[in-house]
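The next block holds one structure in the form of structure tokens; read it before the comments.
The figures here come from the full heavy-atom set of this structure, side chains too, leaving out hydrogens, waters and symmetry mates. Throughout, a chain's letter reflects where its sequence line sits, starting with A, and its residues are numbered from 1.
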Amino acid sequence: MVAPDGSEARDGSSAEVGGPPTDPAGPDAIAEIVDADTGEGELERTIGLSGGLAIGIGTMIGAGIFVFPGIAAGNAGPAASLSFAIGAVVALLVALPTSELATAMPRSGGGYFFISRGLGTAPGAIVGIGLWLGLVFASAFYLVGLGSYAGQVFLEAGIDLPVDPAVPLGVAFGAGLTALSLFGTENTASLQNGIVAVLLVILTLFLSYGSLDALGVFGTESTPERFFPPGGLLPVLQTAALVFTSYLGFAQVATVAGDIENPSRNLPLAMVASVLVVGVFYVVTVFVATSAFGSARLGEFGETAMVEVAREFVGLPGAIAIVIAGLLATFSSANASILSASRAVYAVSRDDLIPATASRINLQYGTPHVALGLAGGPIVVLTATGQVELLAEVASFLHLVMYGLICVTLVRLRRERPDWYTPSFRCPAGLAVAGVGALASFALIAFMRPASIGVGVAVMVTAYGWYRYYATDVELEGRFEHD
Amino acid sequence: MTDTTRPDDPTGTETDRPAVLVPLEVLEGESLPTGTAELLANAHVVLLGYHVLPEQTATEQAREQFGGTAMSKLEEFAGALADAGATVETRLVFTHDERTTIDRLIYEHGCLAVLVPNGTERVESVLVAVRGTVGIDRNARLVAGLFAGTDVAVTLYHVLADDETVDDAETLLNGVKTELVERGMDPDGIGTLVEDAEVPVDAIARHGEAHDAVVMGETDPSVTTFVFGMPSEQVAERFLGPVLVVQRERPADAAGE
């Protein structure tokens with residue numbers, strides 16, 4: 001509740017003419033990290049709880065429901081739902097510490113900001129650059145998914161294409177979305193909220209019907225296959241590592257922490273609730289999918305397996321509904337990730353880890369054109385590779401490194417208690433949750449395929465090398481003022 | 001009985017001066033329009049510089065790059081207002097949504113009115129549209145606060161509603177006039193005008209052309225967040241002069257959440 005005199009948080013923002021001048025270059029006290037005026041203006045927070053949930057859910061749901069079920073079931077059988085559940089647990093273990101850190105440092109930049117301030121510049125640089133590229137890989141992955149669904153439109157329309165259109169279409173969407181983010185100044189938040197609401201309605205209907213059917217309400221109960229795949233638990237864990245990309249979105253909420261109203265309440269709620277919501281949807285989706293088809297069959301359907309599942313249940317209308325939902329979901333995931341990637345570029349550039357030019361805003365459009373280019377360019381290139389699983393795993397790898405370090409940051413700050421660390425949300429059993437969260441995050445990486453680990457490590461080494469070359473004199477630990 | 005000074009005076013600067021919010025998009029090149037300083041010489045001006053950013057841009061990022069420039073422009077305008085006699089507070093806000101920002105500041109500063117910033121060559125006569133009994137008190141506080149003790153002529157204007165007689169309307173306007181006089185305005189400087197018009201907005205804009213500024217109320221009491229895109233803005237677009245939009249009393253629990 002804001003006092004009617006507006007004195008909280010924004011005090012000192014009004015410079016009475018003739019009064020003491022505010023020093024524009026003066027450092028802002030840590031109490032002002034929220035967004036009070038630094039002599040250069042204050043910041044309006046415009047994203048509420050529903051907006052935060054829409055960002056979290058909208059970013060995540062595209063992958064877990066519309067891209068992964070076929071691939072995951074092909075790898076792990078019905079136990080793929082266990083893989084998704086494992087992912088949800090890991091995500092929750094990280095979301096809670098992230099929430100605490102975000103309420104202590106509600107600034108744009110998310111995990112990068114926490115780690116650079118809590119652990120220092122070198123880990124910060126690795127995570128910051130890693131986050132940018134992690135989001136680039138994630139966006140490329142979503143775009144291939146989007147391309148697959150766009151390709152499915154041609155299939156449903158009975159148009160035979162000589163080549164699989166998924167990758168070319170994904171590339172086209174990538175270029176289009178980048179251009180849109182560069183020049184579009186429309187208010188897209190309400191659109192995003194609407195898309196998420198429509199998706200949740202379609203999915204709830206579809207999954208309720210599918211679950212009832214699978215349980216035998218409408219006829220014969222489907223014979224469940226053996227739950228665990230032949231390899232036992234190992235493929236389940238490998239699949240958990242692969243599909244973890246479906247949970248990357250919750251931390252995106254933290255990247256826009258600077259825009260969230262009432263962050264001490266809305267940030268934790270949005271992060272935790274979005275993980276819980278999508279986790280339940282994922283588990284149920286795999287259950288429904290594997291009850292409709294054998295896992296091997298699902299695996300053959302690939303990225304658009306859910307379309308076939310819907311066709312099996314409700315015929316053509318179902319298939320069309322899922323194609324539309326898939327387009328919306330992968331589109332919103334890709335869009336959200338491109339924007340987050342640009343925020344990540346801004347965050348490292350603000351801290352002088354990369355040249356300041358990278359975060360210049362074009363006054364005419366009001367958009368950070370260089371940062372968006374640094375996001376969109378590599379995204380388009382990576383989309384062109386079409387390597388869905390590699391893209392997903394590298395994205396997960398880079399995020400998991402960040403998540404693990406977020407947990408480490410929490411442990412360190414809880415132990416050392418610097419003066420500035422006054423989170424308004426405290427993670428219950430913080431040290432234990434963060435400890436297990438860190439271990440789980442790093443452990444999940446071990447189950448990825450070697451190629452993904454190789455690419456991920458290469459990115460981290462390069463980021464560290466860049467830091468040694470460019471930014472050794474930057475000191476970020478505990479730094480909160482501008483410039 | 002007419003003293004409505006709020007005990008929890010928001011700005012801590014409560015005098016007789018009515019608080020008026022002046023929103024300017026400084027980075028879009030919007031500057032203080034001609035005549036604004038003269039119009040608001042007796043006001044407590046809350047000068048809001050704001051810049052609207054698309055969602056893909058962090059507000060922090062824009063502040064870092066443009067904050068200094070915007071603030072110095074704002075200080076320049078604040079200086080001009082203060083030179084004319086106003087007391088001035090400046091606020092600079094980077095936002096994704098101007099309505100949220102304007103509404104928050106109206107609330108935080110307890111602003112009586114928001115100025116739709118258009119220019120005017122002189123400030124000699126002002127049209128005051130009176131809608132009904134609701135909000136008359138705030139209207140009177142604003143008008144008397146701005147123009148009592150000046151040579152500005154005020155015309156009180158009312159458009160007849162369906163079930164209203166001319167006598168009703170004149171009683172209404174005379175009531176306002178009495179209140180203005182009680183607040184220190186010269187009765188000779190206050191005229192009244194009652195009219196039967198189809199579309200009040202058109203009528204106000206048309207009459208406005210014979211005056212230098214218009215004072216009118218917010219339109220729909222159920223809409224709390226709108227300042228622009230409203231009849232007041234339509235009036236401002238056609239009349240092309242400054243329009244002071246009198247704000248309803250903000251309920252105490254509708255704060256910035």
Side-chain angles (χ1 to χ4, degrees), chain A residues 1-7 10 13-18 21-22 24-25 35 37-48 107-109 180-182 184-189 192 255-256 258-259 261-262 338-339 342-343 346-347 349-350 359-361 363 365-368 371-372 482-483, chain B residues 6 8-13 27-28 45-47 49-72 74-75 78-79 81-83 86-98 100-101 104-105 107-110 250 252-253 255-257:
Chain A
M1 180 71 27
V2 176
D5 60 4
S7 61
R10 295 192 169 86
S13 57
S14 42
E16 196 79 41
V17 167
T22 20
D35 40 21
D37 203 334
T38 53
E40 297 188 340
E42 58 200 281
L43 310 175
E44 192 75 58
R45 291 174 179 270
T46 48
I47 301 178
R107 290 269 285 259
S108 295
L180 194 69
S181 60
L182 277 170
T185 52
E186 293 78 24
N187 196 320
T188 52
Q192 174 88 355
T255 63
V256 295
D259 286 341
E261 297 166 3
N262 195 359
I338 291 174
L339 298 186
S342 133
R343 293 270 174 126
Y346 159 60
S349 147
R350 172 186 61 194
S359 61
R360 297 299 291 176
I361 295 173
L363 186 53
Y365 295 103
T367 53
L372 284 166
H482 296 275
D483 299 319
Chain B
R6 286 166 55 176
D8 56 340
D9 163 41
T11 59
T13 54
L27 290 171
E28 298 292 328
V45 176
V46 178
L47 181 62
Y50 67 99
H51 189 61
V52 182
L53 294 155
E55 275 139 13
Q56 56 266 44
T57 310
T59 47
E60 257 177 283
Q61 196 169 350
R63 172 169 71 182
E64 216 162 284
Q65 196 171 329
F66 306 121
T69 321
M71 193 54 105
S72 63
L74 207 55
E75 292 296 343
L81 287 164
D83 288 345
T87 56
V88 187
E89 273 181 278
T90 53
R91 300 286 293 263
L92 175 62
V93 183
F94 291 89
T95 182
H96 294 296
D97 180 35
E98 67 182 283
T100 308
T101 301
R104 175 170 68 82
L105 290 191
Y107 183 82
E108 285 182 9
H109 291 271
R250 263 27 184 197
D253 56 354
E257 299 282 319

Segment of B:A62 engaging chain A (4.5 angstrom heavy-atom cut-off): both

Residue B:Q65 versus chain A: region with a heavy atom under 4.5 Å: side chain

Cationic N near anionic O, under 4.0 Å, B:R104 to A:E44: yes

Find the distance between [atom1] ([X]) and [atom2] ([Y]) and round it off to the nearest 0.5 Å.
X      : Y      : atom1 : atom2 : result
B:T100 : A:I47  : OG1   : CD1   : 11.0 Å
B:T59  : A:D259 : OG1   : CG    : 4.5 Å
A:L43  : B:E60  : CG    : CD    : 6.0 Å

Greatest number of heavy atom pairs closer than 4.5 Å to chain A - which of B:V93, B:T95, B:L105: B:V93

Among B:T57, B:L27, B:L47, B:L53, residue most engaged with chain A (heavy-atom pairs, under 4.5 Å): B:T57

Side-chain heavy-atom pair A:T367, A:S181 within 4.5 angstrom cut-off: no

A:S342 portion near chain B, given a 4.5 angstrom heavy-atom threshold: side chain

